[in-house]
There are 4 protein chains.
Amino acid sequence: MSQQQGKSAAAGGTGREGDRRHTILRAAIDVFARKGYHGCRIADVAREAGVAYGLVYHYFKNKDELLETVFETGWGGFVSRMRSVAQSEGALEDKVRRIADVAIEAYRVDPRAVRVLILEIARNPSGGRGISRQHVFLDIIRLAADMFAKAQESGEVRKDLDPMLAAALLFGAIEMGLTAFVSGLIDIKNPEALDRAKLQLSETFLRGVLPGAASPEVSWKQEKSSSGIKPKEGRGS
Amino acid sequence: MSQQQGKSAAAGGTGREGDRRHTILRAAIDVFARKGYHGCRIADVAREAGVAYGLVYHYFKNKDELLETVFETGWGGFVSRMRSVAQSEGALEDKVRRIADVAIEAYRVDPRAVRVLILEIARNPSGGRGISRQHVFLDIIRLAADMFAKAQESGEVRKDLDPMLAAALLFGAIEMGLTAFVSGLIDIKNPEALDRAKLQLSETFLRGVLPGAASPEVSWKQEKSSSGIKPKEGRGS
Amino acid sequence: MSQQQGKSAAAGGTGREGDRRHTILRAAIDVFARKGYHGCRIADVAREAGVAYGLVYHYFKNKDELLETVFETGWGGFVSRMRSVAQSEGALEDKVRRIADVAIEAYRVDPRAVRVLILEIARNPSGGRGISRQHVFLDIIRLAADMFAKAQESGEVRKDLDPMLAAALLFGAIEMGLTAFVSGLIDIKNPEALDRAKLQLSETFLRGVLPGAASPEVSWKQEKSSSGIKPKEGRGS
Amino acid sequence: MSQQQGKSAAAGGTGREGDRRHTILRAAIDVFARKGYHGCRIADVAREAGVAYGLVYHYFKNKDELLETVFETGWGGFVSRMRSVAQSEGALEDKVRRIADVAIEAYRVDPRAVRVLILEIARNPSGGRGISRQHVFLDIIRLAADMFAKAQESGEVRKDLDPMLAAALLFGAIEMGLTAFVSGLIDIKNPEALDRAKLQLSETFLRGVLPGAASPEVSWKQEKSSSGIKPKEGRGS
DNA sequence: CATGAATGAGTCTTCATTCAT
DNA sequence: CATGAATGAAGACTCATTCAT
C-alpha cells in the first residue's frame, strides 16, 4: 500500500493521487504482461493493484485508455529516445549501436513492460482501436528508414539496400532478440547475457548493412549464390 | 454491399462440394486476418463462409479448436518445409536463402494466412491455450539455432555468434520484413518487390553472419559462449 | 438386433420396422434411466441404439413424444394392471398385496424402466408438457383412493382414514421402497431381497390401515370433517 | 400483467435492504417451484426478483450453485431438525410423530420451498451434479434407519422389519402425502387439513410398525435379516 | 427407410461500465 | 476519493429439429 514512492513523481499530482494511479498502471502492466490485454479483466488489475474495482475507472476512462496509457508510458519514452538517437548527428554505426542499447536497456529496466509492448503493440488488428498504437510503431520504422536513407547518401550504408527494409530488419532483429529473452528461449542468469546479445545484435546487423568488401560476393542481380566462400580459417576445408 | 461478392466467392467458389469444412476454415483465416482472433465472432466466420452458425460447431469443437486448426493448416506446412531445409545437407548460405524463400513464398501464396500466423502465433499469452502454438514457434527457432551451431563447427558461420541469437535474428528479420508488407509499409505494386525483399533479406543477414574480414571494428570476440545461453544440444565444444 | 420378437407386435408393422423402433425405445429407456430426460440428447439415444441420428425422428415425432412413448410403454401396462387389481372384486388385503406385487415385479422385470418412471413421471412441472403424465399418475392414486373408500364402506379399512391420503401413503411407500433399491440404498444380492421388501411393505401398510385393536392409543378421532373426505358413517356416531 | 404484483411483492417486500441475495434466492425458489430447475432460465429468476440479469451472477457462481444454495437453504434446516429428532432420546412413537410434524410444518411454512425439494432433490440423475443432493437425501434415510434399528432393540418396533425399509416407507409416506397436497390432490381449504394429514400419517405408520397383536395373519416373520440389506451399522444381534 | 449434414433459436456466462453511497 | 453492488449487451455453445440425398 505504500511502496510506490519512487515513481509517484512520474504521474504527477498531489503525490497521493499519483500513488494510486501509478499503482494501477503498474498492476496493469504486470497483468497485461502475464495474460495479455484480452486475457485480463479490470477486476484482475484492481486486485493486483490492491484497490477497489471502481477506482480503476476513476483514473482511467476505460480499459482501452488504460492500455493506451500503459502503451504511452512504456512506449513513449522508448520512442522519444529512439527518435533522438535516429535524428542525432553522428555516424550510423554509433546510432545503430545506441538504438540497440536503448532497446536492451528498456528491457533490462522493465522487462514486463517490454513484454507488454512486444505482445500488444502493433500486433492487434482490432478494428479501429489499436490504430494509434500501430501508427506509432510504424512511425518508428519510418524514422529509422529515413536514418538509413540518409546514411546511404553519405555512403555509410550499402546503396542497394531498401532503407525501409533495413529498418524493418533492424527492429525485427531487436524484437525477436528480446522475444527470445521474454519467452525464456535465452535465459538470463547473469546480466552479461543481455550485454552480449546487444553487442552481437548490433554488430551482426552492422556487418550486414555496412558497405564493404566483406560481402559474400553479394550480387543479387544474378543470384548465383553458393560458391567462393573463403572462411578465413575454415575448419572443414 | 460489395463484400457480398467476397463472400459468395469464398463460399460458393466450388459450391457443390460438401467440403464445407474447408470453406469454414478459409473464412476463419480471412476473418482472423482482418480482425484478429479476439476481434472475431463465430457468427462472423459463419457469415463469411455463408453457412449457418451451428455448422461451425459441427466441424470444430469450439472457437479455440478452429484457431488451432487454422494454425496447423497454415503453420504446419511452413514448419515442415522449414525443418526440411534446416536439416538438409548443404551450405549454410543456401539454407538461409531457402528459408527466406519459403517464408516469402508462403506470403505470396496466401498473404492472409501469413498475416494470421504473424498476428496470432506466439504472440498471445492467453493462459494455457496458445501453449502449443508458442511451442512450435519456439521449436522452429531452436531448429535454426541447431543449424547455426553446426555451421559454426564447419566454419561457415562466425564462431563468436550465439546460435540461438542468430536464429532469433533471422526469423525476426523475416517476420518484420513480412510485417512491413502486411502493414502496408512496403507497398506491393509489382511482384518484384517481394523478390527484392527476399534477396536483400537473406544477403544482408548472411553478410552479418558469415565469417569474413568485413566485421567493423568488432572488439568483443572474447567472452563467447559465456553463459545465459541454452542451446538445445550444445554439440560444439 | 433380434431380441425383440416378443414386443414387435406392439409396435406393429413389418417386424423389421418394429425392430428398429423398439431398439430406439429401449435405448431411450436406458439413457433416460442413466442421465434423465433433460440430461440426455437425441444423439445419445441414437448412439445407444446404434442407429443414425435422424432415424429417431422417423419413428418419433420429437423428443417429447419419445419420452411419452417410453412413458406409455412402461407405465401403461403398470397402470392397467394396477387398475384391474384395484377394481377387481375381492378383499382389500389381497388387493394391496397384489398392488405391491405388481410394482415390485415391474421393477424386477425392468428396473431401468421403473427408474425412468420414478424419476421422470409426475415429477416434472415443465409447463404444459408433462401434464398428461402427471395426470395419469394422479389418476392411479385416485383409483386407489376409490378402492380404499369402498373398503371403508365394507369395514375393511379404518373408517377414520382419509382414502386419498391412504392411497398416497401406499404409493409413497411403494415408490420410496423402490427408490431405496434404485439408489442402491438396499442392494440386491439375491432376488429374495425384493420378495422380502414386497412382503414387509404390504404387511406393514396393512397393519396401519386395517381396522383392529392394535392402534396405539389413537386419539385423534375428533377433528374429522375437514377436507373433502366423507366417511360414510363416522365412527363417533 | 398482474404478476407485476407478485414480482414487486417478492422483490420490494423489504425493499431498502441490500439483501438482494436473499431476494434472488426467494425468486429462484419460486421459479423452481413453478417450472422446475430445467424449465427455468436465469432470466426468469432475475425478472422474478426484479433485478438485473447479471446480478444473479454477482451472488451465485452459476445456475447450479444457485440451485445448490436453494437446496441447502431449504433442506439444511429440515435435515438438521430431522436429525436432532431422530437422534434424540425418547420413545420411538414420539419421534415419528415429531418427524411428521417437522415435515408438515416445513410445508405449511414454505410450501414452495418444499415443492422444490420434492421436485428436484434426489430425483435428478443429472450426471455428477446432484450427487451431493442425493447424498444428503439418502443420508437422512439412513439416519432414520438407525433410529428404527435402535427401536427394535428396545422392542419398540417389530423386530422382523427391515430398518432401512421402514425408513424408506416413512419418508415415502411423508413425501407422497405432501405430494398429494402439492399436486392439489388434496385441497387445502382449511389449515386443519394439514393437521389431519399429519396425524393420520404418523398414526397409520405407527400402527404398521409398532409391535402388537394387530398384525394381520402375517406369516413371514422368519427369514429376517436374511440378506441384501445394508444397515449402516448392524448393531442388533 | 436411413443417414448425417445443416439450421438457428435459446441459454448460460462473462465482463466492461455505471452509479449510489 | 473509494467502494463494490448493479447493469445489460455481447458472444460462445448446445441441441432439438429439418432436409437433401
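Because only heavy atoms are used, hydrogens play no part in the values below, and waters and symmetry mates are left out as well, while side chains stay in. Chain A is the first sequence line, chain B the second, and so forth, proteins listed ahead of strands; every chain is numbered from 1. These numbers were taken from a predicted model, which means no experiment stands behind them.
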Taking atom [atom2] of [N] as reference, at what distance in whole Å does atom [atom1] of [X] sit?
X	N	atom1	atom2	answer
A:Arg21	F:dA2	CZ	P	13 Å
A:Leu66	E:dA16	CG	P	11 Å
B:Asp44	F:dA12	CG	C1'	13 Å
D:Arg47	E:dT11	CZ	C1'	13 Å
B:Asp64	F:dG11	CG	P	17 Å
C:Arg41	F:dT17	CZ	C1'	16 Å
C:Leu67	F:dT17	CG	P	12 Å
C:His38	E:dT11	NE2	C1'	13 Å

From [options], pick the nucleotide closest to the side chain of [X]?
X	options	answer
B:Leu55	F:dA5, E:dA5, F:dG8	E:dA5
A:Ala52	E:dA5, F:dG4, F:dA6	F:dG4
C:Val51	F:dC15, E:dT3, F:dC1	E:dT3

For this session: Using a 4.5 Å cut-off on heavy atoms from C-beta on, say whether the side chain of D:Val51 contacts that of D:His58.
Result: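 The answer is no; the side chains never approach within 4.5 Å.
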Problem set entry | Side chains of C:Leu117 and C:Arg115 in contact at under 4.5 Å (non-hydrogen atoms) |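 Sidechains of C:Arg115 and C:Leu117: no contact.
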Exercise. Rounded to the nearest 0.5 Å, how far does CD of C:Glu48 lie from CZ of C:Arg34?
Worked result: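 Answer for the CZ-CD pair, C:Arg34 versus C:Glu48, is 4.5 Å.
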Given [N], is OP1 or OP2 found less than 4.0 Å from the side-chain N or O atoms of [X]?
X	N	result
C:Tyr53	E:dA6	no
D:Arg20	F:dA6	yes
B:Tyr57	F:dC15	no

Contact summary for [X] and [Y], nearest pair of heavy atoms:
X	Y	value
D:Arg112	D:Ile29	C-CG2, 4.1 Å
B:Cys40	B:Val45	SG-CG2, 4.0 Å
C:Ala33	C:Val116	N-CG2, 3.4 Å

Problem set entry | Ring geometry between C:Phe32 and C:Tyr37 (parallel below 30°, tilted from 30 to 60°, perpendicular above 60°) |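 Judged by the thresholds at 30° and 60°, the geometry between C:Tyr37 and C:Phe32 is perpendicular.
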Seminar exercise, completed: For DNA chain E, the expected dot-bracket line (Watson-Crick or G-U under 3.5 Å, [ ] crossing, | inter-strand) is .||||||||||||||||||||
Exercise. Mapping B:Ile42 and D:Gly54 to their closest nucleotides on DNA chain F, which lands nearer the 5' end?
Worked result: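 Checking each residue's closest nucleotide, the 5'-ward one belongs to D:Gly54.
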Exercise. Mapping B:Lys63 and C:Lys63 onto DNA chain F by nearest heavy atom, which one lands closer to the 5' end?
Worked result: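 Looking at DNA chain F, the more 5' nearest nucleotide goes with B:Lys63.
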Problem set entry | Earlier contact from the 5' end, DNA chain E, for A:His58 and A:Asn62 |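 It is A:Asn62 whose nearest nucleotide is closer to the 5' end.
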